[in-house]
Amino acid sequence: MSSIPVYDPQVVEAAWQARWADRHVNEPDLDHPRRPFYNLMMFPYPSAEGLHVGNLFAFTGADIFGRFRRLQGFEVFEPIGFDAFGIHSENYALAVGTHPAKLIPRNIDAFRRQLRRFGGMFDWRHELSTTDPAYYKWTQWLFVQLFKHGLAYRKRAAVNWCPTCKTVLANEQVVNGYCERHPDTKVEQRFLEQWFFGITRYAQRLLDNLDSLDWSESTVTLQRNWIGRSEGATLVFETPTGDSIAVFTTRPDTVFGATYLVLAPEHPLVDALTLEERRHEVREYKRVVQGKDIVSRKVGDRAKTGVFTGTYARNPATGESIPVWIADYVLMEYGTGAIMAVPAHDKRDFEFAQEFDLPIRQVVRVEGESLPIVSTSGTLMQSAPFDGMPCDRAAREIVEWLERSGSAHREVQYRLHDWCISRQRYWGPPIPIIHCGACGPVAVPDEDLPVELPFVEDFKPDDSGVSPLARHAEWYHVPCPRCGAAARRETDVSDTFLDSSWYFLRYPSTEFADRAFDPARTATWLPVSTYIGGNEHAVLHLLYSRFITMVLHELGHTSFEEPFPKLRAHGLIVKDGAKMSKSRGNVVVPDAYIQQWGADTFRMYLMFLGPFQEGGDFRDEGITGIRRFLDRVWVLGHEAARAGSAALPAGVERKLHQTIRKVTADTDALRYNTAIAAMMEYVNELRSAECTLPTAVEPLLVMLAPFAPHLAEELWSAAGHPDSIFIAGRWPSYDETLATAEEIELVVQVNGKLRARLTVPRGLTEAAALERARAEAGVRKFIDGKPVRKVVYVPDRLVNLVV
RNA sequence: GCGACCGUGGCGGAACUGGCAGACGCGCCAGCCUUAGGAGCUGGUGGGGCAACCCGUGGGGGUUCGAGUCCCUCCGGUCGCACCA
């Protein structure tokens, strides 16, 4: 008997990767697919460190799903690209002293090599990078679309400023009030003109549509919380000077307990309301608050601070005059920037009132609870005509009552803010606006797009708070496109989240230079069939993509409103119980593992670590188990290639059909770990039955192909199939009756305790089962001499005798 | 503080609508083969007991003929939000 070749993954994998490329195996017909399936995974940010295990875990899981659909007869489009703009690349470039325009292509090359090596089914014809002018031309076009429809606007907003970095920081880059890169530098607050997208106008629609999406529940919850809808009322408090202070509250039922008002220090009425003798103190307080960065103001010490303005306002319910304070625990960006303080029924107001000795008046009674009572399950007291009324009803009636005097109306507020897309940095697509003294901000005409990011050798930000682009004089000064007068370019670049908010629209249309996305291609391939990615993008990326798609739909560019009808979040791969991160030094690089074990083994090992949607802890101890399994399949496959044909032994046939049933269901539900376990069980069965028949082995090869594509191809080819398994292979189907054993094991319990197991034919009647059970010695021992009070019979499962 | 999820052998993890707890794999033990093996093969492997049996899914309580699964409560962990009025 001729010997079976040694399994050398390096050779097999290189050969098949070359063949896939030569034969265009992974390139579907984009214009006339029979059954299109758009398999999308979140594109990576090409860091200098290369692809790590976490990326590969995500890509493998998504790739398995695409290959599975392919074997089920779909034409699968599985594109990949690079999210290569952004502050992360820029900071790294600054740190190593290399220009990002040189660094990024290098990183992308490395990523591309790694992505080919792991065996993803990528259609490389449609690769894209957000830094490519051919791509960001359309990112800018998108901005112009929003600008023209009033959805992009400018306003002054507070930002975090690091005096050492000389730049604006995102909130997540501020650690306890200090810069993440400079632990000794306190972050300051600056006010800058910024561009915003009006996403809040879509808050309700973004919230409502969540109900119709097939998404991981955890992701839906995160989005819902982020949008943060709350229902309440706006109440108006008049001041003696004739100013009205509007406050938003979710608890209008407690208005009789409102004993003072608090405005945010930045509130526009503060100066007007402050009495002369308080002016110095108020100004001083505002100055201190401004010195604090936004994050530490929200997160830092919770001791309440504030000052009295000297003014009193009239509580519209009681008619009483109550003092108006300012305090930084009230945020300008939420609601009206002012609150009515009800210390008896709000924890924060309670603390503040205690700190400054302000009156606390209880207006809600809840049995057995002491102040502050936050619960809404009580009834009113000390509230004139509403005493004794339950909170929810009182809330409605009080608003109606105050509405008659024009001092209240119902209101819905959202936590969601408008999307600030300005970055005062270099490495991003310039915002396509020209500022003209006469015309104001004017959009760059479409025919002049893209506004290319000029090469600026010294891209380091300075203290001015203005993007380095402003230093490039010939780029900066341009004539106004409308009136021709001397004008200047907008120097802010846009947020990376804008780059990634539409990349899935671009993929099928990358070859078209004259349109962002081709209408026919888009109609054929979108919305995305399945989107798989990490929950770290549960909020921003996914919300922004939904918003952009919604706007494009409204402007008539797409027929659909939601880009990702089906989304699955994968889990996180951790190392030693901690998230992998450079600072911890526990990042696992996959290359060495792939070198040693092969991509197929590594792919399967990652998937076998735990449930795909939950992630797992990376240890390399178990990898030999997967390799042993693939070695056995390798031998089986070669043996099958030379075996004759015969009927399958009954046991093997049943196990085969059971395995197909389980692997199909599990793979479809992304339960890859149990799908792999089922295939292992099947191989164990084949080996103990010494069965190497092609009819037993070939279905296994097809089921294994999504997981270990190279090995499956090699064995499929060894079996004499000239075409790729992904072209010629068909996902096996199973026969329910063959998968069902005709004999089953019936469990006999006495008082719920296992006492015997019987092998009986399927579908036994209760009477027959009972008779068999009673005859069993191990059962009789426990029931003899006692009357059987009750019998529970679950057909084909168990019989339980209660004595 | 609020919200979501989770807690099962030495380890990673299985267990459909409540119905044989521990699938599959790692590790470990024994045996075979070998000059040798960190290779391969066979068998075993939750704990206690010679055994019949008993005990076991973070702790306590409950519902049920029957609970890893449902309910209450406490403890521990992960993630998200975090003074959002």
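Every chain is numbered from 1 and lettered A, B, ... according to where its sequence line falls, protein lines coming before strand lines.
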**Message:** Is there a side-chain contact between A:Ser230 and the phosphate of B:A85, meaning an N or O under 4.0 Å from OP1 or OP2?
**Reply:** yes
**Prompt:** Would you say a side-chain N or O of A:Arg755 is under 4.0 Å from OP1 or OP2 of B:C54?
**Reply:** yes
Could you verify whether a donor N or O on one side chain and an acceptor N or O on the other, from [X] and [Y], lie under 3.5 Å apart?
{"X": "A:Gln204", "Y": "A:Tyr414", "value": "yes"}
{"X": "A:Thr376", "Y": "A:Asp392", "value": "no"}
{"X": "A:Tyr334", "Y": "A:Ser230", "value": "yes"}

Between [M] and [N] - [atom1] atom distance, rounded Å:
{"N": "B:C70", "M": "B:C5", "atom1": "P", "value": "11 Å"}
{"N": "B:C28", "M": "B:G10", "atom1": "C1'", "value": "8 Å"}
{"N": "B:A21", "M": "B:G66", "atom1": "P", "value": "15 Å"}
{"N": "B:G77", "M": "B:C65", "atom1": "P", "value": "38 Å"}
{"N": "B:G19", "M": "B:U73", "atom1": "P", "value": "24 Å"}
{"N": "B:C16", "M": "B:A23", "atom1": "C1'", "value": "14 Å"}
{"N": "B:A85", "M": "B:A14", "atom1": "C1'", "value": "47 Å"}
{"N": "B:A51", "M": "B:C74", "atom1": "C1'", "value": "40 Å"}

Report the nucleotide, chosen from [options], that has the shortest atom-to-atom distance to any side-chain atom of [X].
{"X": "A:Asn800", "options": "B:A82, B:G66, B:A4", "result": "B:G66"}
{"X": "A:Leu222", "options": "B:G80, B:C53, B:G27", "result": "B:G80"}
{"X": "A:Arg628", "options": "B:A85, B:G40, B:C24", "result": "B:G40"}
{"X": "A:Glu681", "options": "B:A85, B:C26, B:C24", "result": "B:C24"}
{"X": "A:Arg632", "options": "B:A85, B:G19, B:C41", "result": "B:C41"}
{"X": "A:Phe608", "options": "B:G25, B:C26, B:G66", "result": "B:G25"}
{"X": "A:Asn673", "options": "B:A4, B:G12, B:A14", "result": "B:A14"}
{"X": "A:Asn225", "options": "B:G19, B:A15, B:G3", "result": "B:G3"}
{"X": "A:Glu621", "options": "B:C26, B:A82, B:C11", "result": "B:C26"}
{"X": "A:Met680", "options": "B:G25, B:G13, B:G12", "result": "B:G25"}

Tell me the interatomic distance from [X], atom [atom1], to [N], atom [atom2], rounded to whole angstroms.
{"X": "A:Lys662", "N": "B:A23", "atom1": "NZ", "atom2": "P", "result": "14 Å"}
{"X": "A:Leu636", "N": "B:C41", "atom1": "CG", "atom2": "C1'", "result": "15 Å"}
{"X": "A:Leu746", "N": "B:C20", "atom1": "CG", "atom2": "P", "result": "12 Å"}
{"X": "A:Ile326", "N": "B:C83", "atom1": "CD1", "atom2": "P", "result": "19 Å"}
{"X": "A:Gln658", "N": "B:C24", "atom1": "CD", "atom2": "P", "result": "13 Å"}
{"X": "A:Asp617", "N": "B:G7", "atom1": "CG", "atom2": "C1'", "result": "16 Å"}
{"X": "A:His417", "N": "B:C81", "atom1": "NE2", "atom2": "C1'", "result": "12 Å"}
{"X": "A:Met607", "N": "B:C24", "atom1": "CE", "atom2": "P", "result": "22 Å"}

**Prompt:** If you find the nucleotide of RNA chain B closest to A:Arg251 and the one closest to A:Ala677, which residue's nucleotide is nearer the 5' end?
**Reply:** A:Ala677
**Item:** A:Val802 vs A:Asp631, nearer the 5' end of RNA chain B by closest nucleotide
**Value:** A:Asp631
**Request:** Using a strict 4.0 Å threshold on nitrogen-to-oxygen distance, state whether A:Asp253 and A:Arg396 make a salt bridge.
**Result:** no
Using a cut-off of 4.0 Å on non-hydrogen atoms, how would the nucleic acid contact of [X] be classed: base, sugar-phosphate, or nothing?
{"X": "A:Glu614", "value": "nothing"}
{"X": "A:Ser218", "value": "nothing"}
{"X": "A:Leu609", "value": "sugar-phosphate"}
{"X": "A:Arg687", "value": "sugar-phosphate"}
{"X": "A:Asp349", "value": "nothing"}
{"X": "A:Asn535", "value": "nothing"}

**Asked** Side chain of A:Lys304, base of B:C83: donor and acceptor closer than 3.5 Å?
**Response** yes
**Asked** Can you check B:G9 for me, syn or anti if syn means within 90° of 0?
**Response** syn
**Prompt:** Short question: side chain of A:Ser216, backbone of A:Ala569 - any donor-acceptor pair under 3.5 Å?
**Reply:** yes
**Request:** Classify the ring geometry between A:Phe707 and A:Tyr672 as parallel (under 30°), tilted (30 to 60°) or perpendicular (over 60°).
**Result:** perpendicular
Which nucleotide, in any strand shown, forms a Watson-Crick or G-U wobble pair with [N], with both distances under 3.5 Å?
{"N": "B:U64", "value": "none"}
{"N": "B:G3", "value": "B:C79"}
{"N": "B:C26", "value": "B:G10"}
{"N": "B:A39", "value": "none"}
{"N": "B:G46", "value": "B:C55"}

**Message:** Within 45 degrees of the ring normal and closer than 6.0 Å to the centroid, is that where the cationic atom of A:Arg546 sits relative to A:Trp215?
**Reply:** yes
**Message:** Show, in sequence, the C-alpha distance, side-chain angles and deciding distance for A:Trp419 and A:Tyr544, and conclude whether the side-chain contact (heavy atoms from CB on, under 4.5 Å) test is met.
**Reply:** CA-CA 8 Å; A:Trp419 174 12; A:Tyr544 294 153; 3.5 Å; yes
**Request:** Report, as yes or no, whether the 6.0 Å neighbourhood of atom CZ on A:Arg229 holds more than 12 heavy atoms from other residues, nucleotides or ligands.
**Result:** yes
